Structure formats: structure tokens, C-alpha cells
Engineer: 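Next up is a structure, given as C-alpha cells.
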Amino acid sequence: MPVVDVDPDELRDLTGHDEKSDDELKDDLFGLGLEFEGTSEDGEFQLEFAPDRLDRLSVEGVARSLRYQYGDASGIYVPDTNDAEWTIEVDDSVPDDRPYVTGAIVRGVDLSGGALESLIQLQEKLHATMGRKRAKGAIGIHDLTMVKGRSGRGVDERASDASDSDASAVAASNSITYRGVAPDGDTFVALDDDAERTPAEVLTEHPTGEQYADLLDDYEHYPAIYDDLGLFSFPPVINGRRTEVTADSRDLFVELTGTDQWTIDRMCNIICYALDARGGTIEDVTVSYPDVDVVKPDFETEEKVVTHERIESTLGVELSEDDVLDLLGRAGLGAESEDWGEQGTDYVVEVPPYRTDVLHPVDVVDDVGRAYGFNDLVPRYPDVSTVGGRTERSRLERAVRETLVGLGHQDLLNFHLTNEAENYDRMRLDAGSDTLGGGKPATIAEPYSEDYTIVRTWALPSLVSLLENNTHRAYPQDVAEVGFAAERDDSNTGVAERRTVAGAVVRHDASYEDAKARLQVIARDFDVELETPATTHPSFIDGRTAEVVIDGESAGVVGELHPEVLVEHDLEVPVAAFEFRLDALAE
């Protein structure tokens, strides 16, 4: 989950509610689904966000949602835009792997105070989430006064052939070009640099270039953006120093390139709405592809239809038609009702262009519930003839957790999704091997992030990753998880699912004996026979590793993690760990 720093004073200023105390703001933010994680050294709120509401990755977006929640704003808001004066010409030399571009001009924006820092944070958070670490979409923001446009190539000819309604799309007088550049081609001075470098030199000699060089590994020509003075942006890596944005910048050129037009258009919308909140005026940009001209940013809204009955049945409350319309307005949505008599009432809901998460009518119902206040919903028993209870597996899981907590382990709940590097490579494990965790993974066909591309085949990598993120915490750190794992097999479903128990003892003197002792206590509590014959496993030290055999059946592994695994995760203390199948305790 992304964590964003938000200045509470800026939040009060942007919402117009100076009377709100910090505690009141925290309560209001929690009502939006934003969890308070602490304060930064500068006293800013650190808020954890659900990954669906990317429009709230900035203080401007959070303030917008709070104004709706307070009733200070209602209904859908779409900024007005001025006609295009700039054109982005897409040249045939643009790399096929990154063919799409979008953008906007923003004039009169106020970047003083914390506005510039908020914009930079929003840019980087969008890169990390929707942009998939810049692989799917990358944002460049430039000081427009430092960009020198030129007469658009072919603009006059296209305008003469266009209809009146299309003429505005090609009538811009200033032009820049999105094109390909040879790795050792034109030079430019990158941000935080003083030397003229070719794109290839930036990738090997500049820290930011080195960080994102792998994105361009297979490119014969690199993406580049030119104005009349030359190359000034090298997406998705870094902007040029000439067009650097400062707190004194007032007119901005926003450009985005990527592998998917829809993605970069929505990222652009979120940026534009944040700058609109800072007093900026949005101006269209004409994007001139070789075969078509389009006007950006794309502020087109979408419509969803949801029934009154579905809203009431899902939320479990009775609402009047006026109540629903008011709640939809307070969610920042446009809405009109259609009464069909005995068939009930439908609501035609208009979704603003910065919302990337409203994909289904149930998402609209969720917005109605948040506007109503989930904490105000009264719990009630469902109208069924049975009473729920725990399954046998759930009881077993709970009992194992209680035993592990009693042994001093902190109980964890990690993501079931991970990636090949975390699951295999960083644990010295080969995918498809017969050892624990080495099974073939169930892969995600269209992953939202490169961090979550497979279902984990074992839980221990999740524990080690957590330890890597907590090296600043005091030791000992004893952690455990009863969780889910899966791997591909030849069954009807093609995937074998299982519950797994993993634990780690982390301290300066952690040893195989410490981990085995925990297993012995578990075996005694669940009245099973434990054996630990010597074995080998790539993630553990030879001679300090054993197979976990429960009631005569192989169930897992226990031992001391290999030094290479520790170094890979920046761990400077020994780690003794174990993992075994949960169902082995029930047999």
C-alpha cells in the first residue's frame, strides 16, 4: 500500500476548515479509508492509501475528497480547458515498445509553499503505482517558459483539410516532437547534472539513469522529446535541466509517455486536477500521430447505471431517492434518477475523469456507503436460518497462531501475491524444482504491478522481505505466519492450494536448535510425532538444515538461512526458520 506524506496545515487551507484539529482530521481521513500511520520528521501525516484511489496520492486530492465529505462541494467537477496552442508531433522513429504520448499545458499555477513538493510526490507515487515503476507510464513536468516551440510540421496543410469541428485539433502554433534517438546520438544536460551526455551515457553515468536503465534494455533507439533547441526530455528516465520546474514556475508543460494510452491519459488527469486545485488553468494540447490528431487531456466522463434496490440491499439501509442523489453528489459523482414505476428506480451516474477505480456498479454502491458513513451502518443478523461458525481448518489455524504467539512470535498477515525474484532468485531457489517452495507458480495474466506477478509458492520469502524492511528495528524479531501458498499441478483446476506455517527466529545468536525447539513445542501441543532428518535446501546452510517429518510424512523444512540469502536482504544477524504444511497437524 502506498504511504503519502500530507501536511495537515495545507489540508486545512485547501479544505477551508482551519478549525479542524489534527485529531478531527485523522477521524475524517479514516472515514475516507485513509489510515494514519504516524508523522514524519516535519510533522506531516503519513497516510496509507488503498491502491484504487490514486487521485488521493496528493494533498490536493485528499482535500478534494474531504470537501465532498464535509458537504462543501457536491456533484461532478470537470475543469474547463482553453484551446490548444501547442502540438506534440509523434514521429515515425518513436520506439514501437513505447508509442503513446499525452500531455497538457497548465498556466498560472502557484507552486509556492509546499505545492512543488506535493507535485513531485504525486509524480513519483503515480510512477510507482499506475505507471508500474515508469515501465507502463512516465511523467515529465517542465517549465513552459524554457521550452521553445517551432512551427508544426504539416499543421497548415492538415488544418486546411479538416472540418471546422476538427480544426482546433491541428491549429496549434507551437510544436515539439516525440521521436526516437540513437543511444550515442544527441546530448543534453540531465537534472542534477552539469555535463552534456548522450542518452547512453546518462544510463551508465547518472544515478537516475542507472536506476531505470533496464527499462530500455531492448531498445535500438530511445524515446526522446525535442523542441526547437534540441532534446529536453528523455522518458521514461529523466528530464533535462534546462526545463527544470522550480517554486517560481507558473506555466507548466506536462507530458506523459507509455505503453498504454488509457493509463497515461488517466495519470495525466490526476496531475491536471491537482494543478487545477493550485489555481492553474488547463490548456489543451494536440497530439499529432502519423495517422490521426487527438486533443488531450482526455476529460471525458463515463456513465454507470445502478438500481436503488441494489444500493439498499448491499448497504442494508433504507434510503429515499433524494438521499441517494445527495450521497452520490457528496461522493463527487454526477447523478440523475430514472423512475420505472413498479420496476424501481435507476440512477445514471457520471464518473469524473480522475477516477480510475469505478469499473462496476458495485463501486458506485461503495461510494454511496462511504458518503453515508460505514461506521454509521447498524450491524444486523442476516435473514438466514443458520448461524455461522468456524470451519475445522479455521479452528486449526487459530490454534497454531495462538501457540506461535505464546512462543513469542509476532503473528503476520502478508500478501499472497509476489514476484519471481522475491519467491525464487533472492532465496537461491530454482523455479520448477522439487524442493519446498520450488514448485511452478500460478502467474497473473495481466498484473497491475511488476511487484505482484505470481501467487507465492511458500511463505518464508514474505517473512524475509518483512525482516529486510525492519532492519532499523531492535532485535530479537521473532515472526510467524499461517498463510496461503499455491503451485501449479496436473489437477482439474491446474493449481494446488495449501495453508502453510512459517516462522523465523532472528537475533545475534539464532541457531538451528532455536527453530527446532519451536517445532517441538508445536508437535507436543498438537499431539503429533516430529522427526527432523538431515536434508539440503538452497535457502538454508548445508549441515544446519533438516526435513520436517510429521507422523511419518514429509511436511516441510527447518534450518539456518544461507549467508547469501541474508546478504541479499541486508540482514546482519542470523536467521533460523521453518516452514511446513498446516494440514500435517490435522492428520
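Remember, predicted model here, so these are calculated numbers, not experimental data. Each residue takes its place number in the sequence, starting with 1.
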Engineer: Please name the pair of heavy atoms, one in Gly137 and one in Met267, separated by the smallest distance, quoted to 0.1 Å.
Structural biologist: O-CE, 3.9 Å
Engineer: Answer yes when Arg426 and Glu420 have at least one side-chain N-carboxylate O distance shorter than 4.0 Å, and no when they do not.
Structural biologist: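 Salt bridge absent between Arg426 and Glu420.
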Engineer: Side chains of Phe30 and Phe36: does their closest heavy-atom pair fall under 4.5 Å?
Structural biologist: no
Engineer: Any sub-3.5 Å donor-acceptor pair from Thr204's side-chain atoms to Ala200's backbone N or O?
Structural biologist: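 Yes; judged by distance alone, with no hydrogens or angles, the pair exists.
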Engineer: Do the charged groups of Glu487 and Arg498 touch, with an N to O distance under 4.0 Å?
Structural biologist: yes
Engineer: For the side chain of Trp458 and the backbone of Asn423, is there at least one donor-acceptor N/O pair under 3.5 Å apart?
Structural biologist: yes
Engineer: Side chain of Gln123, backbone of Ile139: donor and acceptor closer than 3.5 Å?
Structural biologist: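 It does hold such a pair.
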Engineer: Applying side-chain hydrogen bond (donor to acceptor under 3.5 Å, both in side chains), run through His537 and Thr545 and close with a yes or a no.
Structural biologist: CA-CA 7 Å; His537 190 288; Thr545 307; over 6 Å; no
Engineer: Might you work through the side-chain contact (heavy atoms from CB on, under 4.5 Å) test for Arg56 and Leu34, ending with a clear yes or no?
Structural biologist: CA-CA 9 Å; Arg56 292 174 176 167; Leu34 311 181; 4.3 Å; yes
Engineer: State, with a plain yes or no, whether a side-chain heavy atom of Pro353 is found less than 4.5 Å away from one of Asp298.
Structural biologist: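 No - every pair of side-chain heavy atoms lies 4.5 Å or more apart.
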Engineer: Are any side-chain N or O atoms of Gln477 and backbone N or O atoms of Asn470, one a donor and one an acceptor, separated by less than 3.5 Å?
Structural biologist: yes
Engineer: Please check: side-chain N/O of Asn419 versus main-chain N/O of Glu422, any donor-acceptor pairing under 3.5 Å?
Structural biologist: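 A pair under 3.5 Å: yes.
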Engineer: Does the side chain of Glu255 pick up a donor-acceptor pair with the side chain of Ser233 at under 3.5 Å?
Structural biologist: yes
Engineer: Taking atom types as modelled, find out whether Ser433 and Asp430 have a side-chain donor-acceptor pair closer than 3.5 angstrom.
Structural biologist: no
Engineer: Hey, do the aromatic rings of His142 and Phe232 have their centres closer than 6.0 Å?
Structural biologist: yes
Engineer: Decide if the gap between the ring center of His562 and the ring center of Phe540 is smaller than 6.0 angstrom.
Structural biologist: no
Engineer: Minimum heavy-atom separation for Cys268 and Thr102, please, with both atom names.
Structural biologist: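 For Cys268 and Thr102, the tightest heavy-atom pair comes out as CB-CG2, 4.0 Å.
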Engineer: Provide the closest heavy-atom pair for Arg499 versus Val482 in the form atom of the first, atom of the second, distance.
Structural biologist: NH2-O, 4.3 Å
Engineer: Does a side-chain heavy-atom distance below 4.5 Å link Phe299 with Asn269?
Structural biologist: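 Side-chain contact under 4.5 Å: yes.
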Engineer: Using only atom types and a distance under 3.5 Å, with no angle test, would you say the side chain of Glu468 pairs donor to acceptor with the backbone of Asp570?
Structural biologist: no
Engineer: Does Arg134 pair with Glu124 as a salt bridge, N-O distance under 4.0 Å?
Structural biologist: yes
Engineer: In this structure, are over 12 heavy atoms from other groups packed under 6.0 Å from Phe374 atom CZ?
Structural biologist: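 Result for CZ/Phe374: enclosed.
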Engineer: Give the intermediate values and the outcome of salt bridge (charged side-chain N to carboxylate O under 4.0 Å, His left out) for residues Lys26 and Glu35.
Structural biologist: CA-CA 8 Å; Lys26 293 173 188 176; Glu35 296 192 23; over 6 Å; no
Engineer: Taking side chain as C-beta onward, heavy atoms only, is Ile238 less than 4.5 Å from His206?
Structural biologist: yes
Engineer: Are Asp451 and Lys133 ion-paired here, with the side-chain N under 4.0 Å from a carboxylate O?
Structural biologist: yes
Engineer: For the pair Glu392 and Arg395, find out whether any cationic side-chain nitrogen is under 4.0 Å from an anionic carboxylate oxygen.
Structural biologist: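 Here Glu392 pairs with Arg395 in a salt bridge, since their nearest N and O are under 4.0 Å apart.
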Engineer: Considering only NZ, NE, NH1 and NH2 on the basic side and carboxylate oxygens on the acidic side, decide whether Arg428 and Glu564 come within less than 4.0 Å.
Structural biologist: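 Salt bridge flag = yes for Glu564 with Arg428.
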Engineer: Looking at Tyr354, does the NZ or CZ of Arg64 lie under 6.0 angstrom from its six-membered ring centre and within 45 degrees of the ring axis?
Structural biologist: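 Judged by the rule, Arg64 and Tyr354 form a cation-pi pair.
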Engineer: Has Asp217 got more than 12 heavy atoms of other residues, nucleotides or ligands less than 6.0 Å from its CG?
Structural biologist: yes
Engineer: Can you tell me how far apart OG (Ser491) and CD (Glu497) are? Round to the nearest 0.5 Å.
Structural biologist: 9.0 Å
Engineer: Looking at Gln261, is its backbone amide N or carbonyl O close enough to the side chain of Arg266 to form a donor-acceptor pair, meaning the two atoms are under 3.5 Å apart?
Structural biologist: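 A pair under 3.5 Å: no.
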Engineer: Does the pair Asp478 and Arg518 meet the rule for a salt bridge (charged side-chain N to carboxylate O under 4.0 Å, His left out), with working shown?
Structural biologist: CA-CA 11 Å; Asp478 296 347; Arg518 309 299 169 97; 3.7 Å; yes
Engineer: Keeping the roles fixed (side chain from Glu201, backbone from Thr198), state whether a donor-acceptor pair exists under 3.5 Å.
Structural biologist: yes
Engineer: Is the shortest side-chain heavy-atom distance between Thr243 and Phe253 below 4.5 Å?
Structural biologist: no
Engineer: Can you tell whether the side chains of Asp192 and Arg241 come within less than 4.0 Å, N to carboxylate O?
Structural biologist: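 Between Arg241 and Asp192 there is no salt bridge, as every charged N stays at least 4.0 Å from the carboxylate O atoms.
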Engineer: Is it true that a side-chain atom of Asp97 and a backbone atom of Tyr219 form a donor plus acceptor pair closer than 3.5 Å?
Structural biologist: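 Not at all, since once roles are kept as given, no pair shorter than 3.5 Å links the two residues.
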Engineer: Looking at CZ of Arg473 and OH of Tyr475, how far apart are the two atoms once the value is rounded to the nearest 0.5 Å?
Structural biologist: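 Between Arg473 CZ and Tyr475 OH, I get 11.5 Å after rounding to 0.5 Å.
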Engineer: Where is the tightest heavy-atom contact between Ala502 and Glu579, given as atom of each residue plus distance?
Structural biologist: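 Minimum heavy-atom contact is CB-OE1, 3.9 Å.
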Engineer: Roughly how far, to the nearest 0.5 Å, is CZ of Arg132 from OG1 of Thr259?
Structural biologist: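 So the OG1 of Thr259 and the CZ of Arg132 are separated by 7.5 Å.
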Engineer: Within the structure provided, determine whether Thr356 and Met130 are in side-chain contact (heavy-atom separation under 4.5 Å).
Structural biologist: yes
Engineer: Quick check: closest heavy atoms across Pro533 and Val549, and the distance to 0.1 Å?
Structural biologist: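 Looking at all heavy atoms of both residues, the shortest contact is CD-CG2, 3.8 Å.
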Engineer: How long is the gap from CE on Met427 to OG on Ser465, to the nearest 0.5 Å?
Structural biologist: 8.0 Å
Engineer: Tell me whether Arg401 is salt-bridged to Glu397, with the criterion being a basic N under 4.0 Å from an acidic carboxylate O.
Structural biologist: yes
Engineer: Is there a salt bridge (charged side-chain N to carboxylate O under 4.0 Å, His left out) between Arg456 and Glu481? Walk through the geometry before answering.
Structural biologist: CA-CA 13 Å; Arg456 66 182 184 181; Glu481 179 183 4; 2.8 Å; yes
Engineer: Give a yes-or-no answer on whether the side chains of Ser40 and Asp42 include a donor-acceptor pair shorter than 3.5 Å.
Structural biologist: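 No, because no side-chain N or O of Ser40 sits under 3.5 Å from a partner of the opposite role on Asp42.
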Engineer: What's the verdict on side-chain contact (heavy atoms from CB on, under 4.5 Å) for Phe526 and Thr403, showing C-alpha distance, side-chain angles and the deciding distance?
Structural biologist: CA-CA 10 Å; Phe526 289 87; Thr403 298; 3.8 Å; yes
Engineer: Looking at Asn469, I want to see if its CG is surrounded by more than 12 non-hydrogen atoms of other residues, nucleotides or ligands under 6.0 Å.
Structural biologist: yes
Engineer: Could you state the interatomic distance from CD1 (Ile550) to CG (Leu585), rounded to the nearest 0.5 Å?
Structural biologist: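 One gets 5.0 Å once the value is rounded to the nearest 0.5 Å.
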Engineer: Considering only heavy atoms from C-beta outward, does the side chain of Phe234 approach that of Arg197 to under 4.5 Å?
Structural biologist: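 Side-chain contact under 4.5 Å: no.
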Engineer: More than 12 non-hydrogen atoms from neighbouring residues, nucleotides or ligands closer than 6.0 Å to CG on Asp509, yes or no?
Structural biologist: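 More than 12 within 6.0 Å, yes.
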Engineer: Does atom CD of Glu37 have more than 12 heavy-atom neighbours from other groups under 6.0 Å away?
Structural biologist: yes
Engineer: Please find the pair of heavy atoms, one from Phe580 and one from Thr500, that lie closest to each other, and give the distance.
Structural biologist: O-OG1, 3.3 Å
Engineer: With side chains defined as the heavy atoms from C-beta onward, is the minimum distance between Val505 and Val575 less than 4.5 Å?
Structural biologist: no
Engineer: Using a strict cut-off of less than 4.0 Å between a Lys/Arg side-chain nitrogen and an Asp/Glu carboxylate oxygen, indicate whether Arg355 and Asp367 qualify as a salt bridge.
Structural biologist: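 Asp367 and Arg355: salt-bridged.
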Engineer: So, Ser118 side chain and Gly114 main chain: donor-acceptor pair closer than 3.5 Å or not?
Structural biologist: no
Engineer: In Å and rounded to the nearest 0.5 Å, what is the OH to OG1 distance from Tyr424 to Thr457?
Structural biologist: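 One finds 4.0 Å between OH of Tyr424 and OG1 of Thr457.
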Engineer: Can the ring centres of Tyr452 and Phe415 be said to be less than 6.0 Å apart?
Structural biologist: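 Tyr452 vs Phe415: aromatic centres under 6.0 Å.
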